[in-house]
Number of protein chains: 2
Amino acid sequence: MQLHKRDVVAAATALLDSYGLADLTMRRLARELGVSPGALYWHFANKQELLGAVADQILATVPEAAGDWRARIEGVCAGLRDALLSHTDGAELVSASFAAGQSAVMRRILDRLTDAVTEAGFAPAHAELAARTVVYYVLGFTVDEQSRLQWDAAGAELPADQSVLDDDADARFRFGVDLLIDGIRVADPSVLR
Amino acid sequence: MQLHKRDVVAAATALLDSYGLADLTMRRLARELGVSPGALYWHFANKQELLGAVADQILATVPEAAGDWRARIEGVCAGLRDALLSHTDGAELVSASFAAGQSAVMRRILDRLTDAVTEAGFAPAHAELAARTVVYYVLGFTVDEQSRLQWDAAGAELPADQSVLDDDADARFRFGVDLLIDGIRVADPSVLR
DNA sequence: ACCTGAACACCGTTCAAGT
DNA sequence: ACCTGAACACCGTTCAAGT
């Protein structure tokens with residue numbers, strides 16, 4: 001039967017979770033779907049575009065955050081990190097797709113953060129910059145965290161107090177988010193609208 | 001005559017500047033040096049390690065910053081961004097090498113930032129986190145800036161008021177750095193030592 | 001409209017064998 | 001110690017031709 005975009009994205013996500021980003025190749029994906037490599041290029045212009053669709057699939061679980069601007073920033077950051085950690089190499093994939101401008105959902109998340117910073121009193125242009133700073137932090141932190149997690153998982157047996165390490169990572173993550181929120185809170189009045 | 005590590009890194013940097021990261025391949029580099037591809041693996045364990053050496057070469061120009069902790073953070077950030085923008089795809093290459101833990105100089109830069117944040121009053125563990133946040137920002141911002149710059153350069157003719165755009169990018173960059181410095185300045189006393 | 005088959009132009013890495 | 005030659009096991013992308 002016919003190949004649909006969503007089947008391709010689903011198969012790609014499964015491949016990612018099982019074997020990681022390095023093994024998510026167009027040829028291997030085609031093999032998994034039982035089609036020739038060229039078939040994928042009817043549905044996607046190139047690999048970058050396909051990876052962008054996978055990134056958006058991963059980000060689909062990031063919930064809308066409610067509350068005041070601080071709560072919304074914290075909520076979006078936590079939801080974003082959770083989504084990235086839910087898939088093998090998720091942070092690296094989304095980070096690359098965002099940099100390549102291939103993730104529509106990532107742009108929406110940026111917009112939501114920009115709204116929150118605007119509510120904190122920033123003029124629109126500065127609000128987007130502050131929102132970008134938040135996104136760079138979440139992506140940078142989580143790429144780092146995930147590479148260590150996956151390295152540890154591949155290596156020695158996990159220590160029994162795994163949860164302590166998890167809690168620590170959570171706390172470390174929130175520390176950086178709070179640092180950015182503090183910066184936004186006390187920003188020089190000249191940037192406010 | 002004999003192939004030395006520094007010749008390989010110099011040729012790799014030249015290839016990067018002329019053709020970009022995508023065309024910096026082990027085979028092409030070997031061809032440029034007049035050796036067989038396998039020869040490179042006598043001097044470097046793998047491509048990642050070689051790219052790390054190129055990253056460190058790029059970062060060699062980042063100057064030591066002096067002054068109080070704020071001036072040092074601003075100086076390191078500005079010097080880092082300048083170094084990255086001086087080579088085609090420099091930001092992307094250094095970002096990837098840093099994430100892969102292959103850049104010794106990047107670790108030293110992180111240490112210098114950690115020292116500065118410690119002087120601002122943070123306990124060591126929190127100081128490193130804040131320093132990482134700064135690094136994530138500089139890398140994220142500059143990867144983004146450079147991809148736009150290179151996209152524009154490849155496309156339409158540059159407008160006459162190019163310098164205005166440059167100044168704008170400088171100001172935008174400093175805005176984010178100041179946001180982080182503000183966050184560090186007013187951080188919750190519980191994280192201070 | 002959607003896909004196949006086959007080709008094009010490459011990759012990173014390894015390793016016996018040479019000097 | 002340092003490098004070659006050749007192989008291994010792949011890549012992303014294109015495109016005439018088929019249905």
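Throughout, protein chains are lettered first and strands after them, A, B, ... in sequence-line order, and every chain is numbered starting at 1.
- Here, D:dC8 and C:dA9 have their P atoms 23 Å apart, quoted to the whole Å.
- No option in B:T88, B:T13, B:V143, B:L51 other than B:L51 meets the side chain to side chain contact (heavy atoms under 4.5 Å, CB included) test with B:L93.
- Ranking C:dG5, C:dG12, D:dT14 by closeness to the B:Y41 side chain, first place goes to C:dG12.
- Residue A:R112 forms a salt bridge (charged side-chain N to carboxylate O under 4.0 Å, His left out) with just one option from A:E128, A:E119, A:E64, and that option is A:E64.
- When the nearest nucleotides of DNA chain C are assigned to A:R27 and A:H43 by heavy-atom distance, the more 5′-ward of the two goes with A:H43.
- The residue B:T25 sits close only to the backbone: its heavy atoms come under 4.0 Å of sugar-phosphate atoms, none of a base.
- Side chains of A:L180 and A:Y137 form a contact here, defined as non-hydrogen atoms less than 4.5 Å apart.
- Pairing for C:dA1 goes to D:dT19, judged as Watson-Crick or G-U wobble with the two contacts each under 3.5 Å.
- Here OG1 of A:T133 is found 11.5 Å from CG of A:L179. Values are rounded to the nearest 0.5 Å.
- Closest contact between the side chain of A:Q2 and the listed nucleotides D:dT4, D:dC11, C:dC3 involves C:dC3.
- Considering every non-hydrogen atom in both B:V9 and B:A53, the closest pair reads CG2-CB, 3.7 Å.
- When Watson-Crick and G-U wobble pairs are counted only if both distances are under 3.5 Å, D:dC11 pairs with no nucleotide at all.
- Taking atom C1' in both C:dC10 and D:dA7, one finds a spacing of 16 Å when rounded to whole Å.
- Going from atom CG of B:L40 over to atom P of D:dT4 covers 9 Å, rounded to whole Å.
- Residue A:K47 contributes atom NZ, which lies 4 Å from atom P of D:dG12 at whole-angstrom precision.
- When ring centroids are compared, B:F141 and B:Y136 stay outside the 6.0 Å threshold.
- Between the CH2 atom of A:W42 and the P atom of D:dA16 there is a distance of 14 Å, rounded to whole Å.
- With C1' as the reference atom, C:dC3 and D:dA16 are 12 Å apart, rounded to whole Å.
- Nearest-nucleotide positions on DNA chain D place A:R28 closer to the 5' end than the other of A:A39 and A:R28.
- Taking CZ of A:R81 as the start and CG of A:L139 as the end, the distance is 13.0 Å to the nearest 0.5 Å.
- Atom P of nucleotide C:dT13 and atom CG of B:L29 are separated by 12 Å, given to the nearest angstrom.
- Applying a 4.0 Å cut-off to non-hydrogen atoms, none of the residues of residues 8-21 of chain B approaches DNA chain D.
- With rounding to whole Å, A:M26 atom CE is found 16 Å from D:dC10 atom C1'.
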